[in-house]
Amino acid sequence: RGPDQNSLSSPIAKCPFMSCSSLKTLHSLYQGSFPFYRLPSEVGHFSLDENRQYHQDNRKLRYYSPPVGIRKKDSPGWNVMDGYESHYVRRNEEEKEGLLHILTWLEKNQSVLGTHVEGGSKRPIDRDFVTWRGHLTKLLCTPYETQEGWLLAVTLFKGTFYISERETEAARKKREERTQEQERLMYSGYKFESYICADSPDRQPSQSAVVNTNEAYCSVLLARLTSHSLLISGEVDCTDPSAKSSIPPSSYIELKTSAQIRNPHQQRSFNRYKLLKWWCQSFLLGIPIIVAGFRSQEGKIVSLETFKTSDIPHLVRGERNSWDPAVCMNFCNKFLSHIKAVVTKDDPRLVYLFAWEPGSDVTFTVHNDPEYTILPSWYVKAMN
Ligand code: A3P
Ligand code: MG
Ligand code: MG
């Protein structure tokens with residue numbers, strides 16, 4: 001089946017969400033019932049090693065190994081600043097990989113996705129959209145985002161829309177001007193992972209291992225949002241060897257850190273901002289559990305808490321100024337329909353650049369300058 005023909009042929013102006021070429025993001029426009037989202041199923045995975053090299057296996061998958069004898073909300077006392085100066089190898093953030101690793105996976109797994117010629121489709125990748133989970137997380141959060149805008153580059157190639165983020169000027173500036181304090185906070189999120197994950201199910205976490213942010217394990221999943229078929233890849237923190245179901249993604253766990261909550265104001269802010277992002281990120285891949293480590297000002301983990309992803313919407317429901325998961329998903333659904341309506345030229349060299357800033361509508365520009373290209377020539381060649 002090709003891309004959604006209905007939305008391709010419907011006049012955009014008729015749609016209340018779209019005025020010719022722009023899309024509104026106001027959250028009140030997207031209230032309503034929760035759209036159909038099919039639980040993602042894993043079709044593959046890959047690993048990126050300490051040198052950021054791709055491997056078609058799960059060598060970088062880690063195993064959840066919580067401290068024994070510690071009850072909920074007890075303090076494991078881990079110092080998540082430990083090793084920042086001496087045991088930290090940082091990924092080069094100047095290097096923009098775009099969709100590289102997903103395209104590598106697709107190129108090596110064309111048979112998995114199969115082209116169903118009998119069904120009328122001649123698509124080499126029989127999905128409407130291919131993208132990173134992180135890009136979709138940004139979309140889901142958009143109706144509630146007041147600080148950071150985004151740029152999403154879209155190319156339609158052989159019936160599939162590829163979505164790849166471009167760093168905004170503001171994001172680049174923010175990255176280049178990160179303070180030492182912010183750098184340490186970033187490190188602490190990764191260090192927390194190394195206290196609670198082991199490299200194999202029969203080993204214990206290593207408290208002195210080097211934290212290398214080049215390393216990653218990524219799952220590749222198929223999902224569906226209403227009429228939009230998706231192929232999503234996302235980095236997964238760990239798997240739980242004692243999970244009831246060993247079938248991914250239901251065995252996966254997302255790990256998070258956050259500042260210790262000391263008063264009702266901090267609790268409201270946590271529910272409004274952190275839980276929104278945490279829910280969007282984990283819900284998209286079907287990750288059922290989020291384990292949070294709360295850190296003191298001194299950089300010690302003072303409590304651990306387990307959240308069921310599916311409970312989070314109930315935790316925030318009814319609060320003043322809260323967020324609604326249906327709004328997030330309805331907006332994403334409309335944005336994907338908007339892409340299908342706007343991106344009509346199937347050409348691997350063309351890029352439709354969608355831009356959004358808080359308080360504005362989503363607008364787009366079209367580019368054929370190689371500087372904007374998101375599909376490398378080796379990939380285009382491989383699919384031809
Ligand atoms: P925390 O989220 O616990 O702070 P993830 O949780 O998505 O697996 O990411 C792991 C860690 O990477 C984060 O831990 C954080 O330290 C760092 N990180 C991820 N995205 C980031 C971002 N946009 N800005 C700063 N740090 C980020
Ligand atoms: Mg992660
Ligand atoms: Mg995490």
Side-chain angles (χ1 to χ4, degrees), residues 47-48 50 52 60-67 75-93 132-135 137-138 141 147-148 167 171 174-199 205-219 234-240 252-261 266 269-285 287 289-307 309 312:
S47 295
L48 303 172
E50 54 284 359
R52 205 68 184 170
K60 288 298 169 188
L61 174 61
R62 292 189 291 179
Y63 298 82
Y64 182 59
S65 174
S75 160
W78 298 324
N79 183 345
V80 282
M81 298 303 171
D82 224 31
Y84 173 73
E85 279 88 10
S86 56
H87 287 66
Y88 186 21
V89 177
R90 285 175 41 183
R91 180 168 74 86
N92 179 5
E93 292 172 273
W132 285 111
R133 177 267 311 271
H135 302 355
T137 303
K138 284 203 176 166
C141 294
Q147 308 278 320
E148 290 167 12
E167 191 175 42
K174 207 172 154 188
R175 173 170 61 76
E176 286 171 354
E177 291 169 2
R178 248 186 238 138
T179 62
Q180 171 88 351
E181 187 57 31
Q182 289 165 331
E183 290 284 350
R184 290 173 74 89
L185 263 184
M186 273 185 73
Y187 170 79
S188 70
Y190 296 111
K191 182 63 185 172
F192 173 63
E193 296 174 357
S194 73
Y195 278 117
I196 206 163
C197 293
D199 289 340
S206 158
Q207 308 230 335
S208 60
V210 168
V211 171
N212 184 330
T213 58
N214 288 297
E215 297 178 13
Y217 166 81
C218 296
S219 171
E235 194 253 340
V236 171
D237 290 336
C238 60
T239 186
D240 181 2
Y252 290 154
I253 292 183
E254 170 61 41
L255 303 171
K256 287 289 176 199
T257 58
S258 197
Q260 185 181 10
I261 297 166
Q266 289 169 346
S269 164
F270 173 81
N271 290 6
R272 168 66 181 76
Y273 298 100
K274 284 271 165 116
L275 287 185
L276 165 65
K277 291 207 166 131
W278 292 8
W279 179 83
C280 292
Q281 184 188 24
S282 289
F283 177 77
L284 279 166
L285 291 197
I287 297 182
I289 298 285
I290 302 169
V291 173
F294 290 93
R295 99 186 95 66
S296 67
Q297 278 177 330
E298 294 74 42
K300 290 242 167 75
I301 296 297
V302 290
S303 68
L304 291 174
E305 194 165 352
T306 300
F307 294 90
T309 307
I312 289 176

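Here the structure is a predicted model, which is why all the values come from computation and not from measurement. Starting from 1, each residue takes its place in the sequence as its number.
Aromatic ring centroids of Phe294 and Phe270 lie under 6.0 Å apart.
Within the 4.5 Å cutoff, side-chain heavy atoms of Glu193 are placed close to those of Arg62. The shortest distance between side-chain heavy atoms of Ile301 and Phe192 falls below 4.5 Å. The shortest distance between side-chain heavy atoms of Cys141 and Lys277 falls below 4.5 Å. The side-chain heavy atoms of Phe283 and Thr137, taken from C-beta on, include no pair separated by under 4.5 Å. Taking 4.5 Å as the limit, some side-chain heavy atom of Leu304 sits within range of a side-chain heavy atom of Pro76. Between Leu185 and Gln182, the closest side-chain pair of non-hydrogen atoms is not below 4.5 Å.
For the salt bridge (charged side-chain N to carboxylate O under 4.0 Å, His left out) criterion with Glu93, the lone passing option out of Arg52, Lys174, Arg178 is Arg178. Partner of Tyr64 under the side-chain contact (heavy atoms from CB on, under 4.5 Å) criterion, out of Ile289, Ile196, Asp237: Ile196 alone.
Taking the side-chain hydrogen bond (donor to acceptor under 3.5 Å, both in side chains) definition, one finds that Ser219 meets it with Glu42, sequence neighbours left out. In terms of the salt bridge (Lys or Arg N to Asp or Glu O under 4.0 Å) criterion, Lys300 has no residue partners (sequence neighbours excluded).
Among all heavy-atom pairs drawn from Thr257 and Ser188, the shortest one is CG2-O, 4.3 Å. Residues Lys191 and Asn79 share a closest heavy-atom pair of CG-O, 4.3 Å. Of all the heavy atoms in Ile312 and Trp279, the pair that sits closest is CG2-CB, 3.9 Å. The nearest pair of heavy atoms linking Gly234 to Leu285 is CA-CD1, 3.9 Å.
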Donor-acceptor pairs are to be reported for all side-chain atoms of residues 205-217 against protein atoms at under 3.5 Å, with residues two or more places apart or in another chain.
from   : atom 1 : to     : atom 2 : distance (Å)
Ser206 : OG     : Ser208 : N      : 3.4
Ser206 : OG     : Ala209 : N      : 3.1
Asn212 : OD1    : Asn214 : N      : 2.8
Asn212 : OD1    : Asn214 : ND2    : 2.9
Asn212 : ND2    : Glu50  : O      : 3.2
Thr213 : OG1    : Arg91  : N      : 2.8
Asn214 : ND2    : Glu50  : O      : 3.2
Tyr217 : OH     : Tyr252 : OH     : 2.7

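Classification of the Tyr84-Tyr88 ring pair by plane angle, with boundaries at 30° and 60°, yields tilted. Phe307 and Trp278 have perpendicular rings, their planes meeting at more than 60° on a 0 to 90° scale where under 30° would count as parallel.
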Begin from the C-alpha positions of Arg90 and Glu183 and carry the test side chain to side chain contact (heavy atoms under 4.5 Å, CB included) through to its verdict.
-> CA-CA 10 Å; Arg90 285 175 41 183; Glu183 290 284 350; 3.0 Å; yes
Could you please spell out the steps behind the side chain to side chain contact (heavy atoms under 4.5 Å, CB included) verdict for Asp82 and Tyr195?
-> CA-CA 11 Å; Asp82 224 31; Tyr195 278 117; 3.8 Å; yes
Run the side chain to side chain contact (heavy atoms under 4.5 Å, CB included) check on Val236 and Cys218 step by step: do they pass?
-> CA-CA 6 Å; Val236 171; Cys218 296; over 6 Å; no
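At least one donor-acceptor pair under 3.5 Å links the side chain of Thr309 to the backbone N or O of Ile287. A side-chain donor-acceptor contact under 3.5 Å links Arg133 to the backbone of Gln281.
One finds the CG atom of Asp240 at 4.0 Å from the CD1 atom of Ile253 (value rounded to the nearest 0.5 Å). Expressed to the nearest 0.5 Å, how far CD of Gln260 lies from OG of Ser296 amounts to 6.0 Å. In this structure, the separation between CG on Leu275 and SG on Cys280 is 10.5 Å, given to the nearest 0.5 Å. Annotation: the span from Arg295 atom CZ to Ser303 atom OG amounts to 11.5 Å, rounded to 0.5 Å.
For Glu148 and Lys138, the salt-bridge test fails: no basic side-chain N is under 4.0 Å from an acidic carboxylate O.
Applying the 6.0 Å contact sphere to CD of Gln297 captures no more than 12 heavy atoms from other residues, nucleotides or ligands.
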